[in-house]
Amino acid sequence: MAEERRGAWFGFGFCGFGQALGSGRGRQVHSPEPLRAPGAGLDVCRVSASWSYTAFVTRERPPSGAIPTPALGACPAPSPASSPPPAGGGGQVELSGFAVGAVGGCRDAWASEELLVVLRAGPGPGAGTELQAWAPGSALRGEPLWAQTVPEAEREDGPGGDETQAGPLPLLPCARAYVSPRPPFYQPLAPTLRARRLELGAEHALLLDAAGQVFSWGGGRHGQLGHGTLEAEPEPRLLQALQGLTMAEVAAGGWHSVCVSEAGDIYIWGWNESGQLALPTKSVAEDGKTTSEASGLNEDGSEVKRVAGGGDGAPTPFIAVQPFPALLDLPLGSDAVKASCGSRHTAVVTRTGELYTWGWAPS
């Protein structure tokens, strides 16, 4: 999340490598704890978390006489919530966890286990923006694995048009390309897609365009593409099941996908092995009493399995794969505004500021 509303950043979950800034190693953080800024007068304005380390983009806090001083984690003078940090010299990227290091002059960062991607301001006026790919263990020292100057966002209708509001990395500011954790690192997009946000899973990609339509492509063996099959798609394909609905957010887990509509509805699909879809799972269905298993398909194509040996002896159904988007209701009819995915878990924030999480949660 880049340029979010002012407020504190919190971290929780596995912290065995000290991934949460200012925390100790070898910890399980079971409830949200505030992240500590790396230095006095600094604010954390973007967080990108991988499994073993986290990348933090920080900026100097404005003087208290200029504008009200924000709380920890706030960003200066926010633009739209989905937009990347503003142009200019940028701030500092600091790594915490298995990978450590820091580098200045940064506008954005994106962390993955294979690659750390940093977006830095060019060396001089008019020099553009430089995209750098680093090995996470490099401590951001020496030379990057790969670097390329990328264009800034372009206007839709000439000089007087509106600038494309591209989201944060891995989508590039020009909204015409994205960065992949595996070569080739620079992946162009068809200009007709008019990308607004792009999310990458372990084997698939989701794209939200300017009209609120969702496209997916890549591997589909767990139903994560949402097209009703388990087939791969080599090129972006429109999700027909969501046509007529305007989406505001997309998020990709390892092998599952989520989107949030402008009306606040949640649609979710893909692999449900750990309950990341908030649908019945095998572990809940069997409850330690499974003796046999059978499988079949629902009318919507979802793979439904049944385990025998429940309390009354009747088979208990669970959903292993959901290849079509399924509408998910939050408690109390809450409307969602933001969604995010880990490899096998999901988090949603509501309009009233409540946080819901579900999926993989080992003790």
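Side-chain atoms are counted along with the backbone in the values below, which use heavy atoms only and exclude waters and symmetry mates. Computed from a predicted structure; not experimentally measured.
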Self-check item: A99 versus P136, closest heavy-atom pair with distance
Solution: CB-O, 3.0 Å

Self-check item: Co-membership, hydrophobic cluster, residues L332 and L355, 4.5 Å side-chain
Solution: no

Self-check item: Gap separating the CD1 atom of I319 from the CD atom of E273, nearest 0.5 angstrom
Solution: 14.5 Å

Quiz item: Listed by chain and number, what are the ring-ring contact (aromatic ring centres under 6.0 Å, His included) partners of W271, not counting sequence neighbours?
Solution: H222, W255

Practice problem: Find the distance between CG (L116) and CD (E114) and round it off to the nearest 0.5 Å. | Solution: 12.0 Å

Quiz item: So, for V93 and A109, which heavy atoms are closest and what is the spacing to 0.1 Å?
Solution: CG2-CB, 3.8 Å

Quiz item: CG of L95 to CZ of F56: how many Å apart, nearest 0.5 Å?
Solution: 9.0 Å

Exercise. Step by step, work out the side chain to side chain contact (heavy atoms under 4.5 Å, CB included) result for L230 and V321.
Key: CA-CA 9 Å; L230 306 185; V321 170; 3.9 Å; yes

Exercise. Verify, without hydrogens or angle tests, whether W360 (side chain) and S274 (backbone) share a donor-acceptor contact under 3.5 angstrom.
Key: no

Self-check item: Pairs touching residues 215-229 that satisfy salt bridge (charged side-chain N to carboxylate O under 4.0 Å, His left out), sequence neighbours left out
Solution: E203-R221

Self-check item: Within one Ile-Leu-Val-Met-Phe-Trp-Tyr cluster: V348 and I268, side-chain cutoff 4.5 Å
Solution: yes

Practice problem: Tell me, please, which residues at least two apart from W110 pass ring-ring contact (aromatic ring centres under 6.0 Å, His included). | Solution: none

Quiz item: How close do V57 and C106 get, heavy atom to heavy atom, and via which atoms?
Solution: CG1-O, 4.5 Å

Exercise. For D108 and L169, indicate whether the former's side chain and the latter's backbone hold a donor-acceptor pair under 3.5 Å.
Key: yes

Practice problem: Could you pull out the closest heavy-atom pair between P325 and Y267, with the gap in Å? | Solution: CB-CB, 4.2 Å

Self-check item: Other ILVMFWY residues reachable from F10 by side-chain steps of under 4.5 Å
Solution: none

Exercise. State plainly whether the residues E199 and R197 are in salt-bridge range, i.e. N to O under 4.0 Å.
Key: yes

Quiz item: So, for A252 and G201, which heavy atoms are closest and what is the spacing to 0.1 Å?
Solution: CB-N, 3.7 Å

Practice problem: Would you mind listing every salt bridge (charged side-chain N to carboxylate O under 4.0 Å, His left out) that reaches into residues 325-335, with sequence neighbours excluded? | Solution: D335-R351

Quiz item: Between R120 and T129, does any side-chain donor sit less than 3.5 Å from a side-chain acceptor?
Solution: no

Quiz item: Can you list the residues that meet the side-chain hydrogen bond (donor to acceptor under 3.5 Å, both in side chains) rule with S261, with sequence neighbours excluded?
Solution: none

Quiz item: Are the side chains of L145 and W134 in touch, meaning some heavy atoms are under 4.5 Å apart?
Solution: no

Self-check item: Steps toward side chain to side chain contact (heavy atoms under 4.5 Å, CB included) verdict (E235, W217)
Solution: CA-CA 6 Å; E235 299 293 335; W217 67 98; 5.7 Å; no

Exercise. Evaluate the criterion side chain to side chain contact (heavy atoms under 4.5 Å, CB included) for residue pair N272 and T281; output intermediate values, then yes/no.
Key: CA-CA 7 Å; N272 193 44; T281 64; 3.6 Å; yes

Quiz item: Just by modelled atom types, is the Q19 backbone N or O under 3.5 Å from a matching donor or acceptor in the T54 side chain?
Solution: yes

Quiz item: Who pairs with F14 by ring-ring contact (aromatic ring centres under 6.0 Å, His included), at least two apart in sequence or on another chain?
Solution: F17, W51

Practice problem: State which residue, out of V349, I266, T350, fulfils the side chain to side chain contact (heavy atoms under 4.5 Å, CB included) condition with S334. | Solution: T350

Practice problem: State the CG-CG distance between L328 and L279, to the nearest 0.5 angstrom. | Solution: 7.0 Å

Exercise. With sequence neighbours excluded, tell me which residues meet side-chain hydrogen bond (donor to acceptor under 3.5 Å, both in side chains) with D209.
Key: Q213

Quiz item: Are side-chain N/O atoms of H204 and S257 paired as donor and acceptor at under 3.5 Å?
Solution: yes

Self-check item: Any donor-acceptor N/O pair, S48 side chain to A111 backbone, under 3.5 Å
Solution: yes

Quiz prompt | Set of ring-ring contact (aromatic ring centres under 6.0 Å, His included) partners for W146, sequence neighbours left out | solution = F185

Quiz item: In chain order, what residues pass the side-chain hydrogen bond (donor to acceptor under 3.5 Å, both in side chains) check against S216, with sequence neighbours excluded?
Solution: H227

Quiz item: Is there a path from V214 to F324 through hydrophobic residues (I, L, V, M, F, W, Y) whose side chains come within less than 4.5 Å of each other?
Solution: no

Exercise. Consider only side-chain heavy atoms of I, L, V, M, F, W and Y, link residues closer than 4.5 Å, and tell whether M247 and L330 are in one cluster.
Key: no

Quiz item: Are side-chain N/O atoms of T346 and H256 paired as donor and acceptor at under 3.5 Å?
Solution: yes

Practice problem: Indicate if L207 and L225 have the same hydrophobic cluster label, given that clusters are the connected sets of ILVMFWY residues with side-chain heavy-atom separations under 4.5 angstrom. | Solution: no

Exercise. Decide whether E113 and S50 meet the rule of one side-chain donor and one side-chain acceptor closer than 3.5 Å.
Key: yes

Quiz item: Does V260 sit in a hydrophobic cluster with other residues, and if so which ones, taking ILVMFWY side chains as linked at heavy-atom separations under 4.5 Å, directly or through other members?
Solution: none

Quiz item: CD of Q243: more than 12 outside heavy atoms within 6.0 angstrom?
Solution: yes

Exercise. Locate the shortest heavy-atom distance separating C45 from R59; write the atom from each residue and the value.
Key: SG-NH1, 3.0 Å

Quiz item: Partners of R141 by side-chain hydrogen bond (donor to acceptor under 3.5 Å, both in side chains), sequence neighbours excluded?
Solution: none

Exercise. Report the distance from atom CG of L189 to atom SG of C174, rounding to the nearest 0.5 Å.
Key: 8.5 Å

Exercise. Could you please spell out the steps behind the side chain to side chain contact (heavy atoms under 4.5 Å, CB included) verdict for C259 and L242?
Key: CA-CA 10 Å; C259 61; L242 297 176; 3.6 Å; yes

Quiz item: How far does CG of L198 sit from CG of L171, to the nearest 0.5 angstrom?
Solution: 5.5 Å

Quiz item: With a cut-off of 6.0 Å (strictly less than), are more than 12 heavy atoms of other residues, nucleotides or ligands near CD of E231?
Solution: no

Quiz prompt | Electrostatic pair K338:E249 at N-O distance under 4.0 angstrom | solution = yes

